[in-house]
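One structure is given below, encoded as structure tokens.
Here, residue 1 is the first one in the sequence, and each next residue gets the next number. Here the structure is a predicted model, which means the values were calculated and not measured.
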Amino acid sequence: MSAMTRQAPRRFDLRGWSAEDLANPYPIYRHYRETDPVHLGPANASGTNTWFAFRYDDVTSVLSNRCFGRGDTQFSSVVPTECAALRRIVSNWLVFLDPPRHTRLRSLLTREFSPQVVTTLRPRVAAIARELATAMASSPTVDLVADFAAPLPILVICELLGVPRQDRIWLRKQAMSLQQASSGRSGNYAEAETAACELSDYFRREVQRRRREPREDLIALLVRAKDRGGSLTDDELIATCVHLLTAGHETTTNLISKSVLALLRTPEVLGELRANPELMPVAVDELIRYDPPVQMVTRWAQRDQVLRGRSIHRGEKLVLVLGSANRDPLLCPDPDVVRLDRRPNRHCGFGIGIHHCLGSALARAETEIGLNELFRQLPGLHLTDEPVQFAPDVVFHGPERLTLTTCAGGSDA
């Protein structure tokens with residue numbers, strides 16, 4: 001069904017998306033951006049209103065407005081009380097904190113997870129990407145997600161945290177299970193609670209090991225920061241490790257997968273990048289704008305507010321549709337086209353304000369290096385005729401499977 005004939009749902013919701021709309025949510029976003037840019041969606045289970053903002057200026061103004069918070073108390077209110085481990089982890093995640101706790105923890109993490117850490121990791125990222133791409137070259141058909149986009153960031157996170165490489169499959173499984181508690185997923189809190197317990201125990205052992213055997217990795221840096229009086233509790237330390245694992249791999253997996261998909265569908269852009277690989281950092285920023293891995297973020301009104309004439313009351317939920325904001329014609333011309341000349345590129349794919357993604361530099365580096373290695377090692381990479389299978393989640397958005405051929409002659413459609 002074409003974008004012109006598809007009908008947007010009566011009320012925008014995070015659930016109930018068709019496979020077709022998951023694969024391309026942008027016509028749906030455009031409908032609301034043009035007709036009802038601050039849209040009242042269905043109320044949640046407790047009867048609280050949920051609003052959706054679709055325009056770039058509204059999204060960026062809310063992200064910069066301290067009257068809209070990100071506090072964990074609202075999230076905890078929907079998590080069953082018996083999920084103690086899950087509630088304890090989430091209540092200590094930086095992304096769910098407001099000042100002053102957010103300020104204290106972010107300051108500490110910014111100091112330990114510095115740009116220098118990312119710079120130091122770049123050779124290892126390149127070596128891992130090269131190893132994965134080389135292994136793919138021996139097969140005529142590959143699944144980009146399983147063979148490259150998922151293992152690359154999880155292996156990098158293992159390097160960053162200093163945990164054994166052989167644990168990566170188990171760690172990814174636990175991280176994906178933990179994500180089942182997110183609003184766009186199944187709401188399987190039992191599975192998420194089990195994963196929270198497993199990951200808490202795992203990282204508690206790793207923290208104890210760093211105290212016995214000093215090392216040079218991010219867990220060790222955080223342990224030393226705590227022991228130097230950095231006011232980081234053990235619960236915050238463990239929750240931060242879990243957060244780095246979960247936030248640091250799935251979003252980058254989706255970013256790499258969707259970037260490859262977009263480039264294979266725009267061969268003229270890919271050709272320009274092959275001829276000028278130094279443009280890859282610019283391309284990555286444009287690909288984040290074009291199809292961000294996180295399509296939406298949530299804020300809660302701390303006091304009564306008015307947004308584009310709509311009254312949003314204290315305690316109500318506001319979902320900011322980053323994917324729609326990044327395709328707003330007010331942000332840039334030809335927003336539905338990948339262009340390498342967008343400078344500056346003021347997208348909000350990594351958020352804006354105090355919650356701007358702490359790991360954005362690492363995600364950019366992994367994607368930039370990964371794409372360069374992938375297209376260098378596999379110059380004949382093409383899409384197959386197999387439909388791209390997207391995960392049933394419009395928030396953390398990306399393919400579950402992306403089948404490619406590794407030699408020339410595949411489909412470019």
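A side-chain hydrogen bond (donor to acceptor under 3.5 Å, both in side chains) with Asp285 is found for one member of Arg343, His347, Arg342 and no other, namely His347. Checking Leu63, Val319, Val62 one by one against Val297, the side chain to side chain contact (heavy atoms under 4.5 Å, CB included) holds for a single residue, Leu63. Partner of Arg210 under the side-chain hydrogen bond (donor to acceptor under 3.5 Å, both in side chains) criterion, out of Glu206, Glu213, Gln208: Glu206 alone. Tested against Phe203, the residues Leu244, Leu161, Thr240 include a single side chain to side chain contact (heavy atoms under 4.5 Å, CB included) partner, Leu161.
Evaluation of the side-chain hydrogen bond (donor to acceptor under 3.5 Å, both in side chains) test over residues 128-155, restricted to residues two or more places apart or in two chains, returns Arg130-Glu373, Glu131-Arg165.
No side-chain heavy atom of Cys332 sits under 4.5 Å from any side-chain heavy atom of Arg346. With contacts defined as side-chain heavy-atom distances shorter than 4.5 Å, the pair Leu178/Leu86 qualifies.
Environment of CZ in Arg308: crowded, with over 12 heavy atoms of neighbouring residues, nucleotides or ligands closer than 6.0 Å. Around CZ of Arg215, the count of heavy atoms belonging to other residues, nucleotides or ligands within 6.0 Å exceeds 12.
Between atom CH2 of residue Trp93 and atom CZ of residue Arg70 there is a gap of 10.5 Å, rounded to the nearest 0.5 Å. Distance check: Glu250 CD to His397 NE2 gives 12.0 Å after rounding to the nearest 0.5 Å. Note that CD1 of Ile256 and CD of Glu366 are 6.5 Å apart. Values are rounded to the nearest 0.5 Å. In this structure, Leu155 CG and Ile128 CD1 are separated by 5.0 Å, a value rounded to the nearest 0.5 Å. The distance from the CD1 atom of Ile28 to the CG atom of Asp21 is 4.5 Å, given to the nearest 0.5 Å. Rounding to the nearest 0.5 Å places CG of Leu330 at 10.5 Å from OH of Tyr56.
Under 4.0 Å is where a charged nitrogen must lie from a carboxylate oxygen, and between Arg224 and Glu216 at least one such pair does. A salt bridge links Arg339 with Asp341: the closest approach of a Lys/Arg side-chain nitrogen to an acidic carboxylate oxygen falls below 4.0 angstrom. Salt-bridge check for Asp328 with Arg30: failed, with every basic side-chain N at 4.0 Å or more from each acidic carboxylate O.
Judged purely by atom type and a 3.5 angstrom limit, Ser61 uses its side chain to pair as donor or acceptor with the backbone of Asp58. At least one donor-acceptor pair closer than 3.5 Å links the side chain of Ser91 to the backbone N or O of Arg88.
The two residues Gly370 and Leu152 have their closest heavy-atom pair at CA-CD2, 4.1 Å. Across every non-hydrogen atom of Arg299 and Leu320, the tightest pair is CG-CD1, 4.0 Å. A pairwise comparison of heavy atoms in Ala137 and Thr406 identifies O-OG1, 4.4 Å as the closest pair. Pairing each heavy atom of Pro42 with each of Arg11, the nearest pair is CA-NH1, 3.6 Å.
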Could you go through Gln295 and Tyr26, starting from their C-alpha distance and side-chain angles, then the distance that decides it, and tell me whether this counts as side chain to side chain donor-acceptor pair (under 3.5 Å)? CA-CA 10 Å; Gln295 292 279 306; Tyr26 296 99; 3.0 Å; yes
Before giving the answer on side chain to side chain contact (heavy atoms under 4.5 Å, CB included), spell out for Arg106 and Leu358 the whole-Å C-alpha distance, their side-chain angles and the decisive distance to 0.1 Å. CA-CA 8 Å; Arg106 175 137 188 156; Leu358 185 67; 4.1 Å; yes
Determine whether Val59 and Val321 satisfy the following criterion, side chain to side chain contact (heavy atoms under 4.5 Å, CB included), listing intermediate values before the conclusion. CA-CA 7 Å; Val59 166; Val321 187; 5.7 Å; no
Given salt bridge (Lys or Arg N to Asp or Glu O under 4.0 Å), test Asp234 with Arg211 step by step and report yes or no. CA-CA 12 Å; Asp234 272 7; Arg211 291 194 171 117; 3.1 Å; yes
Please test Arg122 against Leu362 for side chain to side chain contact (heavy atoms under 4.5 Å, CB included), starting from the C-alpha separation and ending with a verdict. CA-CA 9 Å; Arg122 287 182 72 95; Leu362 180 58; over 6 Å; no
Show, in sequence, the C-alpha distance, side-chain angles and deciding distance for Leu263 and Leu371, and conclude whether the side chain to side chain contact (heavy atoms under 4.5 Å, CB included) test is met. CA-CA 10 Å; Leu263 290 173; Leu371 293 179; 4.3 Å; yes
I would like to know whether Asp393 and Arg15 meet salt bridge (Lys or Arg N to Asp or Glu O under 4.0 Å); could you show each step before the answer? CA-CA 8 Å; Asp393 187 343; Arg15 304 287 179 89; over 6 Å; no
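For the pair Arg327 and Tyr290, the cation sits on the ring face: its NZ or CZ lies under 6.0 Å from the ring centre, inside 45° of the axis.
The aromatic rings of Trp170 and Tyr202 sit tilted relative to each other, their planes meeting at an angle between 30° and 60°.
The aromatic ring centres of Trp17 and Phe12 sit less than 6.0 Å apart.
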Side-chain donor/acceptor pairs under 3.5 Å, residues 269-276, sequence neighbours excluded:
{"unit_1": "Arg274", "atom_1": "NH1", "unit_2": "Phe375", "atom_2": "O", "d": "3.2"}
{"unit_1": "Arg274", "atom_1": "NH2", "unit_2": "Pro379", "atom_2": "O", "d": "3.2"}
{"unit_1": "Asn276", "atom_1": "ND2", "unit_2": "Glu272", "atom_2": "O", "d": "3.1"}

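Side-chain atoms of Asn92 and Arg101 form a donor-acceptor pair, as typed in the model, at a separation below 3.5 Å. Between the side chains of Thr48 and Glu316, no donor N or O sits under 3.5 Å from an acceptor N or O.
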